[in-house]
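No hydrogens, no waters, no symmetry mates; every other heavy atom, side chains included, goes into these values.
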Amino acid sequence: MKLRTMAVAGVAALALTGIGMGSALAQTPPPVATIPSLTGQSTSVKLDSGFTDALKSLDVTPAPTGDATVTDGTAKFPITGGNVTVYKPGEVTPYVQGTIMHDGSGLSLTKGDTKVTLENFVIDPGQPATLKGKVSANGKTVADSVTLFDLDGSTLKPITTDASAGTATLTGTTVKLSSDAATALNKAFSTDALKGGTTVGIATIVVNLPGQGGSAMPGTMPKGGAETGAGSTATGGIDETLVGAGVLALALAGGALVVVRRRAGQN
């Protein structure tokens, strides 16, 4: 009898555990937008004159590596992959998850016999939004993945789309040198002139709209509907037009998180 009682109690415990697990799983809300396989086209950065002047004063010469290009003061890096999942703000933290990858391209910084290469950039739109990458010095790997730049979306401009090209463009994210990167570069070039927080430039991300040809998204944000924020998790409704065609996910993935303004009268 005692054994039977224990067995019944054990079965009951397992059943309750299963119910508890089911409840926990049910509490995870579905995403509002998902792009499981992000494709093209590029992330480009219009280099700030203050940053390039600082490098010049240190006799440090920047140059593209791999598939990157630098034309008229703009560095361009092809997007090679990634994924983005977006949840309703406040339901999941961080509510933007994923990566934008730029394998096989980067920048080199050379002074005399010292050459530092920053490459294989990965944009992480989380909290905070960052750009990580591989760092090499004179051909030797210093770090496979380190935060190189901080991304500030407070300067973000409205999303635009090109119906004929099937692309969405997000521009205005301010790229800033991270403290870790500044420390590493100062050490490599025997200086203390580079500071964390220095503006490197303004980023523009151009991506392909998945299966929509760019026609499902209006050219600008809904009137009075959106404002920018740097990695904000403020709550508020998401305009349904932004969810269409995955454009919301693309905007958030840019590291300049688009947050919808709370309705008037909400706290």
Side-chain angles (χ1 to χ4, degrees), residues 38 42-48 50-52 54-55 58-70 74-85 93-94 96-154 173-205 230-231 252-257:
L38 188 64
S42 66
T43 296
S44 59
V45 179
K46 178 66 176 178
L47 299 175
D48 186 83
F51 178 67
T52 55
L55 293 180
L58 297 171
D59 293 325
V60 174
T61 302
T65 66
D67 296 326
T69 60
V70 176
T74 296
K76 186 175 183 180
F77 312 96
I79 293 174
T80 58
N83 62 85
V84 179
T85 300
T93 302
V96 186
Q97 300 175 15
T99 57
I100 301 179
M101 303 168 65
H102 308 77
D103 291 337
S105 63
L107 282 176
S108 67
L109 302 173
T110 304
K111 179 179 181 179
D113 295 332
T114 302
K115 181 178 181 179
V116 177
T117 302
L118 314 176
E119 59 187 346
N120 297 343
F121 298 148
V122 178
I123 292 176
D124 181 350
Q127 296 178 268
T130 60
L131 187 153
K132 298 181 179 180
K134 177 181 177 181
V135 180
S136 302
N138 292 335
K140 182 179 180 180
T141 299
V142 175
D144 285 319
S145 179
V146 65
T147 298
L148 300 173
F149 307 109
D150 298 317
L151 305 177
D152 177 7
S154 63
T173 300
T174 300
V175 181
K176 299 182 178 181
L177 189 66
S178 74
S179 296
D180 288 344
T183 298
L185 292 174
N186 281 334
K187 183 177 180 180
F189 298 124
S190 301
T191 183
D192 59 1
L194 297 174
K195 307 294 182 183
T198 298
T199 296
V200 174
I202 301 297
T204 296
I205 298 177
L252 297 175
L257 309 184

Review point. Can you pull the side-chain hydrogen bond (donor to acceptor under 3.5 Å, both in side chains) pairs that have at least one residue in residues 104-113, sequence neighbours excluded?
Key: none

Review point. Do Ser154 and Asp152 get their side chains close enough for a donor-acceptor pair, meaning under 3.5 Å?
Key: yes

Review point. Minimum heavy-atom separation for Asp103 to Thr80, with atom names?
Key: N-OG1, 3.0 Å

Exercise for review: Quick one: which residue pairs count as a ring pair (Phe, Tyr, Trp, His ring centres under 6.0 Å) with a foot in residues 113-151, not counting sequence neighbours?
Suggested key: Phe77-Phe121

Review point. If you look only at pairs with a residue in residues 187-204, which of them pass as a side-chain hydrogen bond (donor to acceptor under 3.5 Å, both in side chains), with sequence neighbours excluded?
Key: Thr171-Thr204

Revision key, fill the gap. For Ser44 and Thr74, the nearest pair of non-hydrogen atoms, with its separation, is CB-CG2, 3.9 Å

Practice item. Please tell me if the side chains of Thr130 and Asp150 come closer than 4.5 Å, counting only heavy atoms from C-beta onward. Key: yes

Exercise for review: Would you name the heavy atoms of Leu107 and Thr65 that are closest together and state the gap between them?
Suggested key: N-OG1, 3.7 Å

Exercise for review: For side chain to side chain contact (heavy atoms under 4.5 Å, CB included), just list the numbers for Thr43 and Ile79, CA-CA rounded to whole Å, side-chain angles, deciding distance to a tenth of an Å, and then say yes or no.
Suggested key: CA-CA 7 Å; Thr43 296; Ile79 293 174; 4.0 Å; yes

Review point. Which heavy atom of Asp124 sits nearest a heavy atom of Gly98, and at what distance?
Key: OD1-O, 3.9 Å

**Study point:** Thr173 (side chain) donor-acceptor with Leu151 (main chain) under 3.5 angstrom
**Key:** no

**Study point:** For Ala193 against Asn186, the heavy-atom pair lying closest together
**Key:** N-OD1, 3.6 Å

Check your understanding: For Ala181, does its backbone N or O pair with a side-chain atom of Ser178 as donor and acceptor, under 3.5 Å?
Key -> yes

Practice item. State which residue, out of Val60, Leu55, Leu58, Asp59, fulfils the side chain to side chain contact (heavy atoms under 4.5 Å, CB included) condition with Phe189. Key: Val60

Review point. Would a distance-only check, ignoring hydrogens and angles, find a side-chain to backbone donor-acceptor pair under 3.5 Å from Asp180 to Leu148?
Key: no

Revision key, fill the gap. Output for pair (Leu194 CG, Leu109 CG), nearest 0.5 Å, gives 9.0 Å

Check your understanding: Minimum heavy-atom separation for Lys76 to Ser42, with atom names?
Key -> CE-OG, 3.3 Å

Check your understanding: Stepwise, does the side chain to side chain contact (heavy atoms under 4.5 Å, CB included) test hold for Leu131 with Val122?
Key -> CA-CA 6 Å; Leu131 187 153; Val122 178; over 6 Å; no

Point to revise | Side-chain heavy-atom pair Glu119, Ser136 within 4.5 angstrom cut-off | key: yes

Check your understanding: side chain to side chain contact (heavy atoms under 4.5 Å, CB included) with Phe51: which of Val45, Val200, Val175?
Key -> Val200

Review point. Is a side-chain donor or acceptor of Asn138 paired with a backbone partner of Lys115 at a separation under 3.5 angstrom?
Key: yes

Practice item. Given side chain to side chain contact (heavy atoms under 4.5 Å, CB included), test Thr99 with Asn83 step by step and report yes or no. Key: CA-CA 6 Å; Thr99 57; Asn83 62 85; 4.0 Å; yes

